[in-house]
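Since this is a predicted model, take the numbers as computed values, not measurements.
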Amino acid sequence: MARHDEDTWGHGFPTAKPRLPADGIRARSRRGDIATTWWARRFLKAIESPETASRLSRGKSYARSGQVLAMTIAPGEVAAQVQGSRREPYTVTVATAPFTPADWRRAVGALAERAGYTAELLDGRMPEDVEQVLEPLGLALFPAMRQLDLECSCPDWGNPCKHAAAVCYLLAELFDEDPFVILHWRGMPRAELLDALRAHRAGQAGGVGDDGGEDELRGFWTAGPLPEPPPADPTAMTRLLQRLGPVGVTVGAGVDFAQALLPAYEAMVRHRWSSPLLTGDLAELPPPVPRPAPVSSERAPTPEPAEERFALPSAAEVRAWARSNGIGVNERGRPRVDVVQAYLDAHRAT
């Protein structure tokens, strides 16, 4: 923090005055902790300690009440204007050394080794073990307190003072929204980092970049015939049915249903691998079935004469016929099936 002469300090401490009202940037959090993601909490860990608890509490209040009037982020430095008890706002900077271009090349190489890292960053998330990847390179994405340079034009001797703490809390909320803000602060803007990751991964894949991919797609339909399919293995279905075991349903002469299906499965396997669609011999494909011509709605086709059908007789008719011919019926008066059939046969004959 800025130093002042003895007159400014009075009896060794700055004079406490109420802060002037301001309508600047307000933290989304209204109570409790500020910042929720692990990477934002990891950044705040550098300034949080029992010795700074009271100043940090006032810093949260400043962040929530809009005392931070403006804040800009550039590689290596965050600059802000904070309204305090004086008419002129205080100037606050939160600085740390950005990675050098050589550092970033090594960092990109280490990150590109993990295929999921680019996907996580594109999804707006920071890979959880990113520090373990960078640590062997001697790099730390989140600076420790000794690596932070907190400056404020206020007379408070605390480090951080409440004005700088308010800026740190709002910065942590920005980290919550977009982890690329951290990377930009450490010297690599979002677009540059993603381009570098893509280029590095393309180089690992054999030097085929986006243009090479377009060339491959351009020649897709002229790449020649498909490779030969693997030989058919009809016994694969036998092994599968053996693992399935009996299903408990028998067909025919007591054959288990699964075993009865075995010849059909083997035939399907052989046909599948000999299909002209796989062998490329399109001449063997059957000709397409012609679609039937549409029937005009003006005149419906004349139906073919249907075979003459006999209407089923009533039970009373069958009983009367049976008695007249000396044929008995059952006890309940319902004609048996054979009686009904005899009735129909007799009437067809006539």
* Side-chain heavy atoms under 4.5 angstrom apart, residues restricted to Ile, Leu, Val, Met, Phe, Trp, Tyr: same cluster for Leu174 and Val130? -> yes

* **All side chain to side chain donor-acceptor pair (under 3.5 Å) counterparts of Glu173, not counting sequence neighbours** => none

* To do: Would you please say whether a donor-acceptor pair under 3.5 Å links the side chains of Thr52 and Ser49?
  => yes

* Asked: Side-chain contact, heavy-atom cut-off 4.5 Å: Leu171 with Ile73?
  -> yes

* **Under the ring-ring contact (aromatic ring centres under 6.0 Å, His included) test, residues paired with Trp39 that sit two or more places apart** => none

* Atom pair CG/CD1 of Leu44 and Ile47 - distance to nearest 0.5 Å -> 5.5 Å

* Ala144: partners by side chain to side chain contact (heavy atoms under 4.5 Å, CB included), with sequence neighbours left out -> Arg146, Gln147

* Asked: Between Asp176 (side chain) and Thr37 (backbone), is there a donor-acceptor pair under 3.5 Å?
  -> yes

* Closest non-hydrogen atom pair, Ala35 against Ala40 -> CB-CB, 3.6 Å

* For Tyr90, all residues meeting ring-ring contact (aromatic ring centres under 6.0 Å, His included), sequence neighbours excluded -> His163

* Any donor and acceptor pair, going by atom type alone, linking the side chain of Ser57 with main-chain N or O of Ala53 inside 3.5 Å? -> no

* **Point-to-point distance, once rounded to the nearest 0.5 Å, from CE of Met188 to CG of Leu183** => 9.0 Å

* **Pairwise distance CG(Leu137) to CZ(Phe99) - rounded to 0.5 angstrom** => 9.0 Å

* To do: Can you measure from CD1 (Ile25) to CG (Leu69) and round to the nearest 0.5 angstrom?
  => 8.0 Å

* **Sequence-distant partners of Asp129, side chain to side chain contact (heavy atoms under 4.5 Å, CB included), two or more places apart** => Arg114, Tyr117, Pro127, Gln132

* Asked: Between Phe180 and Leu193, does a side-chain contact (heavy atoms from CB on, under 4.5 Å) hold up when you go through it step by step?
  -> CA-CA 9 Å; Phe180 283 97; Leu193 175 61; 4.1 Å; yes

* Asked: Is any side-chain heavy atom of Met71 closer than 4.5 Å to a side-chain heavy atom of Gln81?
  -> no

* Applying ring-ring contact (aromatic ring centres under 6.0 Å, His included), name anything that partners Phe43, two or more places apart in sequence or on another chain. => Phe175, Trp185

* NZ of Lys162 to SG of Cys152: how many Å apart, nearest 0.5 Å? -> 8.5 Å

* To do: Output yes when a side-chain donor or acceptor of Arg186 lies under 3.5 Å from a complementary backbone atom of Leu141, and no otherwise.
  => yes

* **Flag, side chain of Glu128 to backbone of Glu131, donor-acceptor distance under 3.5 Å** => no

* What pairs with Arg58 under side chain to side chain donor-acceptor pair (under 3.5 Å), at least two apart in sequence or on another chain? -> none

* Asked: Just how far is it from atom SG of Cys168 to atom CG of Leu56, taken to the nearest 0.5 Å?
  -> 8.5 Å

* Asked: Is the shortest distance from a Lys or Arg side-chain nitrogen in Glu48 or Arg41 to a carboxylate oxygen in the other one below 4.0 Å?
  -> yes

* Carboxylate-amine/guanidinium proximity below 4.0 Å for Arg190 and Asp178 -> yes

* Asked: Can you name the residues that form a side chain to side chain donor-acceptor pair (under 3.5 Å) with Arg28, not counting sequence neighbours?
  -> Glu177

* **Test side chain to side chain contact (heavy atoms under 4.5 Å, CB included) applied to Arg64 - qualifying residues, sequence neighbours left out** => Ala27, Ser29, Arg30, Ile34, Lys60

* Would you check if the side chain of Arg55 reaches a backbone N or O of Pro160 as a donor-acceptor pair within less than 3.5 Å? => yes

* To do: Could you name each residue pair satisfying side-chain hydrogen bond (donor to acceptor under 3.5 Å, both in side chains) that touches residues 92-103, not counting sequence neighbours?
  => Thr100-Asp103, Asp103-Arg106

* Structure fact -> With sequence neighbours left out, the residues meeting side chain to side chain contact (heavy atoms under 4.5 Å, CB included) with Pro189 are His184, Glu192

* Tell me, which pairs form a salt bridge (charged side-chain N to carboxylate O under 4.0 Å, His left out) where one or both residues lie in residues 65-82, sequence neighbours left out? -> none

